[in-house]
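Working notes, beginning with the structure itself.
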Amino acid sequence: MKYLKYLGLFVAASFLGACAGNPPNPYDPYEGFNRPTYRFNTAVDNAIAKPVAKGYVKIVPKTVRKGVGNALNNLGDTRNMVVNLTQGEVTASLESLHRFVFNSTFGLLGLVDVTELFNLPPKRVNDMGTTYAKMGWANSNYLVVPFMGPSTSRDTVGVISDAFATPYTYAFNEWVDLGVLVMGVVNLRSELLDVGSVTQSAALDPYVFQREAYIQYRNQQLKDRGVKHIKSAHEREMLLDDADYDEEDDSLSIADLARQRNQ
């Protein structure tokens with residue numbers, strides 16, 4: 001958990017420093033912090049994350065990568081179990097536990113997903129950001145987090161809460177936790193190697209494109225999970241007049257980043 005504390009302090013210090021003296025954009029009040037952080041994340045991605053992900057894809061067979069992804073998703077069900085309980089979703093919590101037990105036993109520690117074989121309920125991904133939204137923090141400003149990427153102030157608090165709501169982190173020591181985290185990042189980045197080309201080919205500023213896609217995706221995700229009273233101000237006011245896509249445009253595959261991160 002120590003790295004989360006350090007990350008929180010780094011984000012807070014950087015945020016205060018970047019926002020001091022910068023007039024806020026009413027549609028993106030943290031833009032003075034977000035844009036430099038976006039450039040920083042892009043530089044880190046190009047220098048480290050992307051090359052490592054490419055090497056991972058080149059060296060590790062697809063079958064093994066799929067097994068690793070299954071195992072990581074299986075561990076994620078322990079978090080889904082706890083988070084669903086915080087929202088009063090008892091059935092969904094029991095379904096997550098059911099999936100975890102079956103995949104951990106019959107699926108060889110989760111390397112093989114046997115949920116379809118046993119006709120188990122579909123995966124119910126959830127997060128603490130959704131919990132806070134259901135508690136009343138429904139609308140939150142866009143925030144780009146160092147090393148993490150697009151988020152909101154609410155969902156950033158949610159990510160930290162997710163770490164404390166993940167049972168396996170208490171069963172493993174810090175080095176194993178860190179290894180699982182790094183493996184998750186590498187696996188995720190290997191699955192999103194084509195996302196960068198979508199961003200670069202967009203007519204909009206890549207920063208704006210990522211912001212709009214993330215907000216659009218996240219707001220819809222929260223609505224699908226039953227969060228009420230989400231205002232559409234971000235989507236209405238932050239979209240540029242020359243944008244050539246709408247809310248139903250399935251081509252915004254940059255939003256896959258948000259979807260994959262929540263698994």
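Between Thr130 and Asp127, the side chains place a donor N or O and an acceptor N or O closer than 3.5 Å (distance only, hydrogens not considered). Side-chain contact of Ser104 with Asn74: a donor-acceptor pair under 3.5 Å is present, judged by distance alone. Neither side chain, Asn70 nor Asn73, offers a donor N or O lying under 3.5 Å from an acceptor on the other. Using modelled atom types, one finds a donor on one side chain and an acceptor on the other under 3.5 Å when comparing Tyr132 with Ser161. Between Tyr217 and Gln221, the side chains place a donor N or O and an acceptor N or O closer than 3.5 Å (distance only, hydrogens not considered).
In this structure, the separation between CE on Met135 and CD on Gln87 is 10.5 Å, given to the nearest 0.5 Å. In this structure, CG in Leu181 is found 11.0 Å from CE in Met183, a value given to the nearest 0.5 Å. Taking CG of Leu192 as the reference point, atom CG of Asn187 lies at 9.5 Å (rounded to 0.5 Å). Interatomic distance, Met81 CE to His98 NE2, rounded to the nearest 0.5 Å: 14.0 Å. Atom CG in Asn46 sits 11.0 Å away from atom CG in Asn41 (nearest 0.5 Å).
Partner of Thr131 under the side-chain hydrogen bond (donor to acceptor under 3.5 Å, both in side chains) criterion, out of Asn126, Asp162, Asn84, Thr86: Thr86 alone.
The two residues Gly107 and Val114 make their nearest non-hydrogen contact at CA-CG1, 3.9 Å.
Thr37 places no side-chain N or O within 3.5 Å of a backbone atom of Pro146 that could act as its donor or acceptor partner. In this structure, the side chain of Lys54 does not engage the main chain of Leu193 through any donor-acceptor pair within 3.5 Å. Side chain of Arg154 to backbone of Ala138: a donor-acceptor contact under 3.5 angstrom is found. With hydrogens and angles ignored, the 3.5 Å screen pairs a side-chain donor or acceptor of Asn34 with a backbone N or O of Tyr142.
Ring orientation note: the planes of Tyr38 and Tyr207 are nearly perpendicular, at an angle over 60° on the 30°/60° scale. The aromatic rings of Phe102 and Phe118 sit perpendicular to each other, their planes meeting at more than 60°, with 30° as the lower class boundary.
Using a 4.0 Å cut-off between a side-chain N of Lys or Arg and a carboxylate O of Asp or Glu, Asp113 and Lys123 do not qualify as a salt bridge.
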